Enquirer: 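Quick one: the structure is below, and I'll ask about it shortly.
None of the values given here were measured: they were computed from a predicted structure. The sequence lines fix the lettering, A, B, ..., with proteins before strands; numbering per chain opens at 1. Hydrogens, waters and symmetry mates are skipped; everything else that's a heavy atom, side chains included, is used.
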Amino acid sequence: MNNLHVLEKINIPQFREDIISWFQMEQRDLPWRKDQDPYKVWVSEIMLQQTRVDTVIPYFNRFMEWFPSLQSLADADEEKVLKAWEGLGYYSRVKNLQSAVREVAQEYNGIVPDTLEEISKLKGVGPYTAGAILSIAYGRPEPAVDGNVMRVLSRILLIEEDIAKPKTRKIFEEAVRRLIDDNHTSAFNQALMELGAMICTPGVPACLLCPVRDHCEAYAEGVQSQLPVKNLKKRSRDVPIAAAVITNSRQEILIRKRPAKGLLADLWEFPNYEDHASLTTKRESFRQQFQEQIHVIPELGEHLISIEHIFSHLVWKMDVYLGTAEGITEDMLISQQMKWVAETEVEHYAFPVSHQKIWKAYLEKK
DNA sequence: AATACGTGGGC
DNA sequence: TGCCCAAGTAT
C-alpha cells in the first residue's frame, strides 16, 4: 500500500535494463548456472537456504556427481543422501528434498512441475524456492523473495517494515510483481539476489559500484546503511552434555542414530545424554547415568576433550570421555538404535559437526 | 506469530 | 569473545 509509494518514482523499464545488463556482465560463474535444468536449480536453491555460496559450491558439485539426475536421487540410499549433506546443516532440507524428488518421480513422471500450485505442494518448497525454480528454470514471472531481495528493495523503495516479520515478505513480493521483466524473469530475479550479495550488502553497501544507484531512494536520502529494518530477539540456552567414545575388545566403536525428527534428525552420534551435574560430580556419576539413560554400562576411561558447539538456538557444552563396554546384547543395540562399527567404518556415517570434532579428538589421542 | 532448525565466516 | 549474518521452511 503506502509502503510502495516510491514505486511511482521509478523508471521501471530503465531499472530493468540497468540491473539485468549489470547481472549479465558481472554475475559470478557458479556451477548451478551452467544450464537451467530444473533439478539442478532445485537442488541449488535448497542448499542455498540460509547458507553461503562459497559453502555450497563443493557440496553442490559432489551432490551432482553422486546424484546426477532427479531419478538417481529418488533411487538413492537415504544414508548416502544424508552423508552428502553432512556438515551443511538444516538436515531436514535434504530429507524433504529426497521425499519431494520421489514425489516428482512418481506423480509427475520425473518432470518438476511448472505451476505455483503444484510446485508449492512439494516438501521443503516454500514461497521463495517455488518462485526461484519457476522463474529461473521455467521463465515464469514469479517473485523469489529472499533476504537479499528484501534488503535491496527495502533500500531502493525505502521500505521500513520489519523484515523479520513473516507478513512483510508479501510487501516485497508485490513490489517484485510490479518490477519484474516478464521476458527475463531468470536474470531479473537472480540480478536482485546477486546485487544483494555483491554490492547491496548488509551494513555499508558499495553504492559507488551499484548499477541502480540512480533508482535508489535510500541512497538519495543517505539512509542505505540503516536499512533494512530487522528486529530479531533470539537467545540461545546452554545444554550440558556428557558423551563417550566407547570401544569393545574388538576395537569397535559404539555409535547411535538420532531420532528421525527434531535436531540433527537421523544423523549418527556418539552415545551421550543431557547432564546438569557439576563437572566433578559428573565424572563420578557418569557410569550410573550411562546405565540409566543409555542402558550401557561402560568402564569409564579418561576425559578425552571438552567441546562447546554453538547452534543458532542453543549451545552444547560437551564433556567427552573414553570408555569400554562388553556384553551389550543385540536387543540393546536395536532398542537404542546403536551399533558397533570398526574404526575405519566410522567415516561412512553422517555425523553432525559437533561429533566430528569428537572423532577427530579421538583419532589424535591415539 | 513465534520458534525450531546448523554451520561457518566477518568484524 | 560475541553478535550478526546467509539464496527459508515447517509447525
Enquirer: Taking only the side-chain heavy atoms of A:Pro166 (C-beta and beyond), determine which of C:dT9, B:dA2, B:dT7 contains the nearest atom.
Expert: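 For A:Pro166, the side-chain atoms sit closest to B:dA2.
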Enquirer: What integer distance in Å separates A:Trp316:CH2 from B:dT7:P?
Expert: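 That distance rounds to 8 Å.
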Enquirer: With respect to the side chain of A:Pro127, which nucleotide from C:dT9, B:dG6, B:dT7 is positioned closest?
Expert: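 For A:Pro127, the side-chain atoms sit closest to C:dT9.
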Enquirer: List in numerical order all residues of residues 95-102 of chain A for which some heavy atom is under 4.0 Å away from an atom belonging to DNA chain B.
Expert: none
Enquirer: Between B:dC5 atom C1' and A:Leu88 atom CG, what is the distance in whole Å?
Expert: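 Rounded to whole Å, this separation is 14 Å.
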Enquirer: Salt bridge check, A:Glu194 against A:Arg33: does any charged N sit closer than 4.0 Å to a carboxylate O?
Expert: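 A salt bridge is present here (some side-chain N lies under 4.0 Å from a carboxylate O).
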Enquirer: Please state how far atom CD1 in A:Ile46 lies from atom P in C:dG8, giving the value in whole angstrom units.
Expert: 11 Å
Enquirer: Polar atoms only, N or O, under 3.5 Å: list the protein pairs with nucleotides 3-6 of chain C and their distances.
Expert:
residue: C:dC5; atom: O2; partner: A:Arg52; partner atom: NH1; Å: 3.3
residue: C:dA6; atom: OP1; partner: A:Arg151; partner atom: NH1; Å: 3.4
residue: C:dA6; atom: OP2; partner: A:Arg151; partner atom: NH1; Å: 3.2
residue: C:dA6; atom: N3; partner: A:Gln50; partner atom: O; Å: 3.2

Enquirer: Taking CD1 from A:Ile57 and C1' from B:dG8, how many angstroms apart are they, rounded to a whole number?
Expert: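 For the pair A:Ile57 CD1 and B:dG8 C1', the rounded distance is 15 Å.
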Enquirer: I want to verify a distance call: between C:dT9, B:dA1, B:dG6, whose nearest atom is closest to the A:Lys167 side chain?
Expert: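 Side chain of A:Lys167 sits closest to B:dA1.
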Enquirer: Given atom CG of A:Leu267 and atom C1' of B:dG6, what is their separation to the nearest angstrom?
Expert: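 It is 10 Å, rounded to the nearest whole Å.
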Enquirer: Whole angstroms only, please: what is the CG-P distance between A:Leu263 and B:dA4?
Expert: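 Taking CG of A:Leu263 and P of B:dA4, I get 11 Å after rounding.
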Enquirer: Quick one: is B:dG6 close enough that its OP1 or OP2 comes under 4.0 Å of any side-chain N or O from A:His309?
Expert: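 No, A:His309 has no side-chain N/O under 4.0 Å of OP1/OP2 on B:dG6.
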Enquirer: Any base atoms under 4.0 Å from A:Ser354, or only sugar-phosphate, or nothing? Heavy atoms, all strands.
Expert: nothing
Enquirer: May I have the distance from A:Lys121 (atom NZ) to C:dA10 (atom C1'), rounded to whole angstrom?
Expert: 18 Å
Enquirer: If you assign each of A:Lys123 and A:Met193 to its closest nucleotide in DNA chain C, which residue comes earlier from the 5' end?
Expert: A:Met193
Enquirer: Any donor-acceptor pair under 3.5 Å linking the side chain of A:Lys257 with the backbone of A:Asp266?
Expert: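 Yes.
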Enquirer: Measuring from the side chain of A:Leu264 (C-beta onward, heavy atoms only), which nucleotide among B:dG6, C:dG8, B:dA1 has the closest atom?
Expert: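 Per side-chain heavy atoms of A:Leu264, the pick is B:dG6.
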Enquirer: When all nucleic acid strands are considered with a 4.0 Å heavy-atom cut-off, which category describes A:Ile310: base, sugar-phosphate, or nothing?
Expert: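 Base: the residue A:Ile310, judged by heavy atoms under 4.0 Å, touches a nucleobase.
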Enquirer: Would you say A:His313 places a side-chain N or O within less than 4.0 Å of OP1 or OP2 belonging to B:dC5?
Expert: yes
Enquirer: What integer distance in Å separates A:Arg258:CZ from B:dC5:P?
Expert: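 Computing the A:Arg258:CZ to B:dC5:P distance gives 9 Å.
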Enquirer: Without swapping roles, check the side chain of A:Arg151 against the backbone of A:Leu227 for a donor-acceptor pair under 3.5 Å.
Expert: no
Enquirer: Identify which one of A:Leu4, A:Leu192, A:Val145 satisfies the side chain to side chain contact (heavy atoms under 4.5 Å, CB included) criterion when paired with A:Phe172.
Expert: A:Val145
Enquirer: Where along residues 27-36 of chain A does a heavy atom fall under 4.0 Å from DNA chain B?
Expert: none
